[in-house]
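Read the structure below first, then the notes.
Both counts, for ligands and for their atoms, begin at 1 and track the order of listing.
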Amino acid sequence: MQPANAERGQWGSRLGFIFAAAGSAIGLGNVWRFPTTVGQNGGAVFVLVYLLAVVGLSFFVMIAEFSLGRRTQRNPVGVYKTLAPGSAWKYLGVLGVLTGWGISSFYSVVAGWTLGYLWKTAVGAFNQASADQIASMFGSFVADPLTQISLHFLFMVATVLILMGGIKGGIERWSKILMPLLLGILVLLVVRSVTLPNAGIGLEYYLKPDWSKLTGRGVIAAVGQAFFSLSLGMGTMITYGSYLSRRENLVTAASWVCALDTLIALLAGFAIFPALFSVGLEPSIGAGLIFVVLPNIFNKIFLGNLFGAGFFLLLAIAAITSLISIVEVPAAYFIDERKWTRRKAVLVSGGGAFLAGIPAALSLGAVPGLSSLLTIENRTYGFLDLMNLLFGQYSLIIGSLGVAIFVGWKWGLSNLFAELREGNPDFRAERLFGFFIKFFCPIIIALLLIYLIFNPNAFA
Ligand code: PHE
């Protein structure tokens with residue numbers, strides 16, 4: 001099938017796709033959101049449920065998204081219009097486009113923090129600072145409206161410029177070389193973190209499940225985190241799959257992406273938790289967690305400013321390779337469905353996300369009214385937290401449920417298997433994949449949502 005119009009493009013090579021998809025998956029979700037969520041949901045039990053969610057749910061949803069994208073060569077709305085014309089399924093695609101807009105708004109704000117911290121670390125702003133001072137420096141950093149909006153703006157402009165370069169020139173080139181480098185620095189941080197005094201307490205928190213901390217809310221958060229981290233449930237992987245060639249083995253590609261993404265998330269936890277307990281901080285502090293913990297590690301490393309700055313630089317790059325994949329979803333929609341030029345589509349998507357991100361950027365102290373909009377069981381949610389919860393968690397859970405139901409019950413398993421056999425003629429795991437996509441994924445996700453209806457307090 002030919003691409004729907006000439007403004008689209010294709011991946012340059014096989015490995016290019018795995019790197020690009022991993023580039024989408026690996027980002028703030030792994031290094032910022034994962035440790036934050038682990039810290040808010042009781043440590044090791046959460047990690048365990050997270051791993052189960054990756055293997056039992058996300059992996060299959062990823063296969064389903066790749067297949068839909070490659071089969072139709074369309075954006076998420078176009079997929080449903082093509083495969084189920086005239087039906088309400090297209091609203092599932094519309095939800096994805098809206099979610100892309102919602103996530104990109106606050107994602108760019110947090111990505112802006114990495115730029116601020118890149119600068120601060122490079123100039124040695126944290127040298128000799130105590131853990132408490134480092135924590136209050138984060139507080140004043142995020143409370144400064146001008147800095148917050150400028151960094152958010154800068155990040156969104158960079159994203160828009162890369163996306164205008166198109167698929168091959170833009171996304172792929174960036175993803176290839178830099179991810180291995182991020183992995184390298186992360187390993188270094190892990191080594192330093194686990195050799196700090198009292199690191200054992202953090203390791204125990206991270207690795208030894210305390211079953212009394214297992215809650216419905218934690219399970220839902222783990223599932224949401226797995227979808228977020230693997231870029232599922234809003235059509236990113238549909239869109240990326242749509243640029244994929246028929247020769248690619250989708251099962252192999254999905255396995256690689258899941259494995260690499262999980263590796264980085266787990267390493268981030270190993271870097272954060274030992275250091276956190278070593279300097280005596282609270283795991284449940286929320287969005288600032290890594291920014292409050294990491295400078296403490298850099299202070300205890302030879303050439304710490306250099307490695308610290310390098311780390312934030314690579315994290316910023318990992319964030320941008322994810323953010324482009326988020327903004328690409330609304331952009332692909334405008335290009336395919338509205339026949340806009342790539343330039344206009346990207347400008348409107350990025351501009352809209354910038355505007356929506358402004359209240360998020362101002363919600364950590366700059367505008368007091370935005371910093372506590374909702375309190376449930378002692379946890380307070382500001383605007384950014386709320387966007388993160390609604391779009392970064394619930395939209396993705398609902399979107400993934402929709403994808404599983406669509407592929408399992410509407411498009412049908414035989415179409416899925418036919419697609420999987422392209423590029424992988426020996427595919428034999430029909431029963432396994434059929435069971436997970438048609439029954440396990442929809443039933444488990446639906447049960448979680450039903451649980452919420454009866455326990456609305458578990459919502460946040
Ligand atoms: N997976 C990305 C990350 O972990 C974020 C993302 C979410 C990207 C949803 C695309 C879609 O940083």
Side-chain angles (χ1 to χ4, degrees), residues 19-38 50 53-54 58-59 61-62 65-66 69 75-76 93 95-114 155 159 162-163 171 174-175 178-179 182 186 221-242 254 257-269 287 290 314-333 349-350 353 387-400 403:
F19 272 110
S24 162
I26 297 167
L28 296 173
N30 311 57
V31 179
W32 164 70
R33 202 180 190 273
F34 179 73
T36 305
T37 324
V38 172
Y50 175 79
V54 169
S58 306
F59 171 73
V61 173
M62 184 175 287
E65 288 207 9
F66 282 168
N75 69 88
L95 176 71
V97 171
L98 282 173
T99 307
W101 172 74
I103 295 183
S104 51
S105 68
F106 74 84
Y107 200 93
S108 168
V109 172
V110 179
W113 299 350
T114 65
F155 212 86
T159 304
I162 293 181
L163 277 175
I171 303 174
W174 287 93
S175 309
L178 295 160
M179 292 306 107
L182 177 68
L186 206 48
V223 171
Q225 172 62 23
F227 292 137
F228 185 95
S229 192
L230 291 162
S231 309
L232 297 169
M234 56 165 269
T236 300
M237 293 307 188
I238 291 181
T239 309
Y240 271 38
S242 76
V257 176
C258 289
L260 289 172
D261 186 78
T262 306
L263 175 72
I264 301 272
L266 291 176
L267 284 175
I290 69 160
L314 292 169
L315 182 55
I317 292 166
I320 215 166
T321 55
S322 299
L323 187 55
I324 51 188
S325 76
I326 306 175
V327 179
E328 176 71 8
V329 170
Y333 163 77
S349 309
M387 293 290 276
N388 188 357
L389 185 74
L390 293 179
F391 290 106
Q393 176 149 314
Y394 286 104
S395 276
L396 299 183
I397 293 180
I398 292 167
S400 298
V403 165

Tell me, with the steps shown, if Leu28 and Ser322 meet side chain to side chain contact (heavy atoms under 4.5 Å, CB included). CA-CA 8 Å; Leu28 296 173; Ser322 299; over 6 Å; no

Stepwise, does the side chain to side chain donor-acceptor pair (under 3.5 Å) test hold for Ser231 with Thr236? CA-CA 6 Å; Ser231 309; Thr236 300; 5.3 Å; no

Between Ile326 and Met234, is the side chain to side chain contact (heavy atoms under 4.5 Å, CB included) condition met? List the steps. CA-CA 9 Å; Ile326 306 175; Met234 56 165 269; 3.9 Å; yes

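For ligand 1, the protein residues placed under 4.0 Å by at least one non-hydrogen atom are Ser24, Ala25, Gly27, Leu28, Gly29, Asn30, Tyr107, Phe228, Ser229, Ser231, Met234, Thr236, Ser322, Ser325, Ile326.
Phe227 meets the ring-ring contact (aromatic ring centres under 6.0 Å, His included) test with no other residue; sequence neighbours excluded. Taking the ring-ring contact (aromatic ring centres under 6.0 Å, His included) definition, one finds that Phe34 meets it with Tyr50, sequence neighbours left out.
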Report, one line per pair, each donor and acceptor closer than 3.5 Å where one atom sits in a side chain of residues 98-106; sequence neighbours left out.
| from | atom 1 | to | atom 2 | distance (Å) |
| --- | --- | --- | --- | --- |
| Thr99 | OG1 | Leu95 | O | 2.6 |
| Thr99 | OG1 | Ser395 | OG | 3.4 |
| Trp101 | NE1 | Gly352 | O | 3.1 |
| Ser104 | OG | Gly100 | O | 2.7 |
| Ser104 | OG | Trp101 | O | 3.0 |
| Ser105 | OG | Gly102 | O | 2.6 |

